[in-house]
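Right, one structure below, let's go through it.
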Amino acid sequence: MNDILLTPGPTPLPPQVREALGRPIIHHRTAPYRALFKRALQGMQTLLQTANPVLCLTSSGTGAMEAAVVNLLSPGDEAIVLLGGKFAERWEKLCKAYGIAAAAVPVAYGEAVDPKAVDAALAAHPKAKAVFATLCETSTGVVHDLQALAALTRKSQAVLVVDAISGFLADECRTDAWGVDVVVTGSQKGLMLPPGLAFISLNERAWALAEQAKTPRFYTDLRLYRKSLADDDTPFTSAVSTVAALDEAVKLLLQAGVDQTVARCARMAAAARAGVEALGLGLFAKRPSNGVTAVSVPAGVDGKQLTKLMYDRSRVMVAGGQGEMAGKLFRFAHMGYISPDDVVAGLAALELALAELGHQFTAGASVKAARTALGPATAGAGR
Ligand SMILES: *Cc1c(COP(=O)(O)O)cnc(C)c1O
């Protein structure tokens, strides 16, 4: 039996992607590879809804987050970090590691950042050069109001840097239209690829900062990546097989369309939410993302045992809570190559585990509610 990954990364791989990963390798400094690399990254521009070049790093998503910090800022610079979960806190840790004075805008776990608080932080820190934000806060299942945050930041001298690692292709992210200056994403979530690639795109405002920043950097020096990109190349060895897989994933996503893929993800999210609520479980996020549903573990149930049982009994993998949310919530993801049947299988596995742990509910209620919420099929990449 195959594992069903209902986790916010890694996510399942389409057959076209798996086929590309198994192809004979080609050299990265050849015309066929350059053509493939160029096509894939141009496709990424369309998917990220930006006219600016998209740079590809061989790293997990955090590598591109780190690249953003070291390329935009210098030690002693001020920045603003919008909190609210474990991933937002990563921005704060990265700033600390590089001697950036990060002013935090606190946000309670489960809530979205209040644009008024961001306005106040910008007024209090007029010298801040960057605002670090998160599209989907994967640890709480919250999607922040990126459009509002971008509009506010635009009125200041600061650039808006967004971690869209899990939000990309699940939640709306109109990079250029909304005025997002820097967008970061990774391969193993909505993009339907294995872990190993990270992407970052900067607009002119952000490149101006990158030209002046004095933080030491080498592998993550984005100026090198931009220069190589002119020859459809990378400064260091490209992750050839994963990029070949990227080319396939991009093709599938362009065929489906970004808006349709986001809409499809929203439909999966609605089904998952209807399902867990039918079992009497509460949703943790006040402003839920389409990519991941964070569910409060009911009283009397051990959250760690619940997720372990779902895997042991049904081979359905969901994610537990992180940090202080460990054991208190679990996260049911539905981003990327996930089908309605996968969501239903996840709910059936949840019912089986909950029954074993003594939680009272009407058997089959979640599956029925999810099927009702799913309604007739819609288009969008995914199976
Ligand atoms: C997964 C994730 C990351 C981290 O990505 P890695 O690939 O593990 O480095 C960062 N931010 C968010 C919001 C994520 O969901």
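These values consider heavy atoms only, across backbone and side chains, with no hydrogens, waters or symmetry-generated copies. Whatever order the structure lists ligands and atoms in, that order sets their numbers, starting from 1.
Here the protein heavy atom with the shortest distance to atom 1 (C) of ligand 1 is K189 NZ, 1.4 Å. Looking from atom 11 (N) of ligand 1 to the surrounding protein, the closest heavy atom is D163 OD2, 2.6 Å. For atom 3 (C) of ligand 1, the closest non-hydrogen atom on the protein side is F87 CE2, 3.4 Å.
Q157 contributes a side-chain N or O that, together with a main-chain N or O of K127, makes up a donor-acceptor pair within less than 3.5 Å.
No N or O atom of I165 sits closer than 3.5 Å to an N or O atom of ligand 1. Checked against a 3.5 angstrom limit, the closest N/O atoms of T134 and ligand 1 fall outside it.
The shortest distance between side-chain heavy atoms of P340 and R264 falls below 4.5 Å. When side chains are defined from C-beta on, N290 does not count as touching V143, because their heavy atoms never get closer than 4.5 Å. Side-chain contact check for V183 versus F168: every heavy-atom pair is 4.5 Å or farther apart.
Of all atoms in ligand 1, listed by their number and element, those nearer than 4.0 Å to a heavy atom of C136 are 13 (C). For ligand 1, the atoms closer than 4.0 angstrom to any heavy atom of T138 are 12 (C), 13 (C), 14 (C), 15 (O). Of all atoms in ligand 1, listed by their number and element, those nearer than 4.0 Å to a heavy atom of R90 are 4 (C). The atoms of ligand 1 that sit less than 4.0 Å from any heavy atom of S166 are 13 (C), 15 (O). Distances below 4.0 Å separate heavy atoms of S60 from the following atoms of ligand 1: 6 (P), 7 (O), 9 (O).
Ring geometry for F332 against H334 counts as tilted: the plane angle lies between 30° and 60°, on a 0 to 90° scale.
Ion pairing between E19 and R23 holds under the 4.0 Å rule for side-chain N and carboxylate O. Look at R174 and D259 and you find a salt bridge, because one of the NZ, NE, NH1 or NH2 atoms lies within 4.0 Å of a carboxylate O, short of that distance.
Residue contacts with ligand 1 do not include E137, since none of its heavy atoms lies under 4.0 Å from the ligand.
Here the rule is side-chain contact (heavy atoms from CB on, under 4.5 Å) with P298, and of L357, L279, L281 only L281 fits it.
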